[in-house]
2 protein chains.
Amino acid sequence: MLAHIRSLFAEKRLRCTSQRTDVFAALTSTKAHPTAEQLHRMVQERSPGTSLATVYNTLDALCESGLARRVPTAGGVARFDADTSDHLHAVTADDEVMDVPTDLCNEVLCSMPAGLRQRLESRLGTPVRHLSIQFSDGPVE
Amino acid sequence: MLAHIRSLFAEKRLRCTSQRTDVFAALTSTKAHPTAEQLHRMVQERSPGTSLATVYNTLDALCESGLARRVPTAGGVARFDADTSDHLHAVTADDEVMDVPTDLCNEVLCSMPAGLRQRLESRLGTPVRHLSIQFSDGPVE
DNA sequence: GTACGTGCAAAATGTTTGCATCATT
DNA sequence: AATGATGCAAACATTTTGCACGTAC
């Protein structure tokens, strides 16, 4: 496990420190999409000295190198995800971020018009990283 | 125009103040997805006294009542949109939020599996407001 | 007239940065 | 040995809140 992380880091030319492996391990250990704060708490349990700033720095480095991803939420808190493959996030009414179950996800991705991303990028003239569907509000809340 | 805003507000039981109509007018006047800060600047031009806190309060009230919507971005700044119909936002590499052109948007929405939102909500057990597709990183940046 | 909105300043929250020290390569 | 990461605290940015006053209903 740790060896696996070491090789991932080496591949991306990331210096391998215990704090960084801790953060990465914490991030990959959960299906949730934790905030920096939450990751900090998770890491603290094993390595009490770790500072919040280091968690932020590490997350930056991970996102930079493509080992993690910042996921958008409507309420300005950053959430992170170690799953960097194409997949769908559902954002609930109370701003939780959940992965869409695989079968539904495939259903959606398979039904998407071919070449959508490319066509979109050429129309907009800039790379696109997320596509977000905003549902209009349902019945009164 | 102003009469129109008054009636929208009345419908939603929102008290109609000049600051609120200013903010709403500013928000509907643009296809961009402005931040609170930007809206504040826009409003200042016409009504210099308006405070940033009021802009935030107003945006809260507008989102609450369904006249506007907070749109998710990866970098923790809130952006707002007065178009509350189902539509697609493309989030670019530098965190700009752009509306997907209508034709592409229809193409996508029409090809979506039927009843997706309902099925998703029943599977997750909670209302869903956005669905966000994260594209995996393309070639090296 | 009352309930609610406003402006201001201060607080709360989330994230970044500067710098001396320490660890990985 | 050199480069870059860490921890701490302070800076910074964004959003929220408390309170006295004012305005829409």
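Chain letters run A, B, ... following the sequence lines, proteins first, then strands; residues in each count from 1. The structure presented is a predicted model; accordingly, all values stated were derived computationally and were not measured. The analysis underlying the following values was restricted to heavy atoms, covering all of them including side chains, and did not include hydrogens, waters or symmetry mates.
Side chain of B/Ala53, nearest nucleotide from D/dT17, D/dG7, D/dC25: D/dT17. Looking at the side chain of A/Thr54, the nearest of the listed nucleotides D/dA24, D/dT6, C/dG14 is D/dT6. Distance from the side chain of A/Ser51 is smallest for D/dC8 among the nucleotides D/dC8, C/dT6, C/dT15.
A heavy-atom distance below 4.5 Å is not found between the side chains of B/Val91 and A/Arg129. Within the 4.5 Å cutoff, the side chain of A/Glu37 has heavy atoms near those of the A/Leu52 side chain. The side-chain heavy atoms of B/Leu62 and B/Arg70, taken from C-beta on, include no pair separated by under 4.5 Å.
Checking the phosphate oxygens (OP1, OP2) of D/dA24, no side-chain nitrogen or oxygen of B/Arg6 falls inside 4.0 Å. For B/Thr17, no side-chain nitrogen or oxygen approaches OP1 or OP2 of D/dA24 to under 4.0 Å. The shortest distance between the side-chain N/O atoms of B/Tyr56 and the OP1/OP2 oxygens of D/dT16 is not below 4.0 Å. Distances shorter than 4.0 Å separate some side-chain N or O of B/Gln19 from OP1 or OP2 on C/dG7.
Between the base of C/dT24 and the side chain of A/Arg15 there is a donor-acceptor pair shorter than 3.5 Å.
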What do the steps show when you test B/Glu96 against A/Thr126 for side chain to side chain contact (heavy atoms under 4.5 Å, CB included), and what is the final call? CA-CA 10 Å; B/Glu96 289 302 303; A/Thr126 173; over 6 Å; no
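No engagement by A/Ala61 is indicated, since no non-hydrogen atom pair under 4.0 Å with the nucleic acid exists. A/Thr50 comes within contact range of the sugar-phosphate backbone alone, with a heavy-atom separation under 4.0 Å but no base atom that close.
For the pair A/Arg20 and B/Leu52, both in contact range of DNA chain D, the more 5′-proximal nearest nucleotide belongs to A/Arg20.
In this structure, A/Phe9 places its CZ atom 11 Å from P of D/dA5, rounding to the nearest Å.
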